[in-house]
Amino acid sequence: MKRYIAELIGTFVLVFGGCGAAVLAGGKIGFGGVALAFGFSLLAMVYAIGPISGCHINPAVTFGLVLSGKFESEHVPGYVIAQILGAVIASAILLIIARDNPAGYDPAVGGFAANGYGAHSPGGYGLAAAFIAEVVLTFFLVFTVLGSTDLKAPVGFAGIPIGIVLVLIHLVGIPVTNTSVNPARSIGPALFVGGWALGQLWLFIVAPLIGAAIASVAYGAVRAEEPLIPVRVAEAALPSEQVERRL
C-alpha cells in the first residue's frame, strides 16, 4: 500500500507542478518555464519516492518497466489507479485555485493544460504529427528511465537524467500537443475540460504506451547481459550508505 500512496503523491506533484505552471503562470514563464516545472517536479519525486515505489508516476513508464522485466506485473493495477487518482486530485485542486482568479477561469475555454491536436494543438499540429511526437517523446522518457536505473549506471544519479530528459521532451512537445507522454497526466485535466479533451484523450493513452513498448524493445537490444534490478532499488541508497545513516 505504501508504494501506491507514494505513486499517488508523486503523480499529484508532477501534475500540479507542471500543469499548475502552465495554467497559473504560463503567460509569464512561457514554454521553457513550463518545461522546467515538469522536469523539476519529476527530478524531486525521483529522490523523494524513488526508493519506495520507483517513482513511475506515469502508466507508460510502468508499462515499459513491466515489459523490460524490471517491475512486477501484479502491482500494475494498483500503480495505474494511484497515478490516475493523483492526477485527478491535482487537477481538481488546481481548478479551484484557477477559478479564484478575479477574472474567473473556464477550463473548457482556457484549455486547462489539456493535451490536444488539430485546433487544440498550441501550434496547430494535426493528428499524425501529434501521434508520432507522443510515441517518440515517450520513447525518450522510458528509455532514459531504463538506462539510468541499469545495474551499471552511476548510483544515486538516476533522477538527474530523468528530470533533464523530461525538460527536453516538453521543449519539443509543448508546441505540438502540450506534451503528454503520460496517460495519467492527460486524464486529469481532460476530465475537467470535457468535450474535445475527452474526445482526443485516446491518443494520449495509446501513443505513450506504444512509445514505452518500443523503448523496452530497444533497451533489451542494447543493454549489457547483466542481472536486472528493480527501479526502486536502483533509486535507493546503497545498503552500506543506509547503515551509515542509521548510526
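The figures here come from the full heavy-atom set of this structure, side chains too, leaving out hydrogens, waters and symmetry mates. Nothing fancy with the numbering, it's 1 onward along the sequence. Remember, predicted model here, so these are calculated numbers, not experimental data.
Using a 4.5 Å cut-off on side-chain heavy atoms (C-beta onward), L85 and Y4 make no contact. With contacts defined as side-chain heavy-atom distances shorter than 4.5 Å, the pair C19/S91 does not qualify. Residues F16 and I93 are in side-chain contact: their nearest non-hydrogen atoms beyond the backbone lie under 4.5 Å apart. Using a 4.5 Å heavy-atom threshold, the side chains of V61 and C55 count as separate.
The shortest heavy-atom contact between F63 and A213 is CE2-CB, 4.1 Å. For A98 against V23, the heavy-atom pair with the smallest separation is CB-CG1, 4.1 Å. Nearest heavy atoms, T177 versus E134: OG1-OE2, 2.6 Å. When all heavy atoms of A87 and T11 are compared, the pair lying nearest together is N-CG2, 3.9 Å. The nearest pair of heavy atoms linking P208 to L203 is CD-O, 3.5 Å. Contact detail for R99 and Y105: the closest heavy-atom pair is CG-O, 3.4 Å.
A donor-acceptor pair under 3.5 Å is formed between the side chain of Y79 and the backbone N or O of S53. With R185 contributing its side chain and A114 its backbone, the two residues share no donor-acceptor pair below 3.5 Å. Between the side chain of N115 and the backbone N or O of F204, no donor-acceptor pair lies under 3.5 Å. Side-chain N or O atoms of S68 include none that pairs as donor or acceptor with a backbone N or O of K70 at under 3.5 Å. Between the side chain of T138 and the main chain of G211, no donor-acceptor pair closer than 3.5 Å is present.
In terms of hydrophobic clustering, with Ile, Leu, Val, Met, Phe, Trp and Tyr side chains grouped at heavy-atom distances under 4.5 Å, V136 and V206 are assigned to a common cluster. Note on V145 and V222: same hydrophobic cluster, where clusters join Ile, Leu, Val, Met, Phe, Trp and Tyr whose side-chain heavy atoms are under 4.5 Å apart, directly or indirectly. Follow the hydrophobic side-chain contacts under 4.5 Å out from V135 and you never reach V176; the two are in separate clusters. Using a 4.5 Å cut-off between side-chain heavy atoms of Ile, Leu, Val, Met, Phe, Trp and Tyr, with links allowed through other members, I89 and M1 fall into the same hydrophobic cluster. Clustering ILVMFWY residues whenever any of their side-chain heavy atoms sit less than 4.5 angstrom apart, transitively, puts L168 in the very cluster that holds I162.
Between F131 and Y117, the distance separating the two ring centers is not shorter than 6.0 angstrom.
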Check: Going through the checks in order, is the side chain to side chain donor-acceptor pair (under 3.5 Å) test met by T62 and Q83?
Finding: CA-CA 10 Å; T62 299; Q83 291 157 0; 3.1 Å; yes
Next item on the list: Please assess K2 against E7 for the test salt bridge (charged side-chain N to carboxylate O under 4.0 Å, His left out), listing each intermediate value before the final yes or no.
Entry: CA-CA 9 Å; K2 290 182 179 179; E7 284 294 302; over 6 Å; no
Margin query: Between T179 and V172, does the side chain to side chain contact (heavy atoms under 4.5 Å, CB included) criterion hold? Intermediate values first, please.
Written below: CA-CA 8 Å; T179 309; V172 175; over 6 Å; no
Next item on the list: Apply the test side chain to side chain contact (heavy atoms under 4.5 Å, CB included) to residues F112 and L94: give CA-CA distance (whole Å), side-chain angles for both, the deciding distance (0.1 Å), then the verdict.
Entry: CA-CA 9 Å; F112 200 48; L94 176 59; 3.9 Å; yes
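At most 12 heavy atoms of other shown residues, nucleotides or ligands fall within 6.0 angstrom of atom OH in Y125.
Here the OH atom belonging to Y47 is positioned 10.5 Å from the CG atom belonging to L42, to the nearest 0.5 angstrom. With values rounded to the nearest 0.5 angstrom, L95 atom CG is found 11.5 Å from L191 atom CG. Distance OG/S121 to CD1/I174: 11.5 Å, rounded to 0.5 Å. We find the CD1-CG distance between I132 and L127 to be 9.5 Å, quoted to the nearest 0.5 Å. Taken from CG in N182 to CG in L137, the straight-line distance is 13.0 Å, to the nearest 0.5 Å. In this structure, I169 CD1 and L166 CG are separated by 5.5 Å, a value rounded to the nearest 0.5 Å.
When each of S180, P183, S186, P59 is paired with I205, the side chain to side chain contact (heavy atoms under 4.5 Å, CB included) condition holds for P183 and for no other. When each of L14, V15, I57 is paired with S41, the side chain to side chain contact (heavy atoms under 4.5 Å, CB included) condition holds for L14 and for no other.
Ring-plane geometry between F71 and H75 is classed as tilted, the angle between the planes lying from 30 to 60 degrees on a 0 to 90 degree scale.
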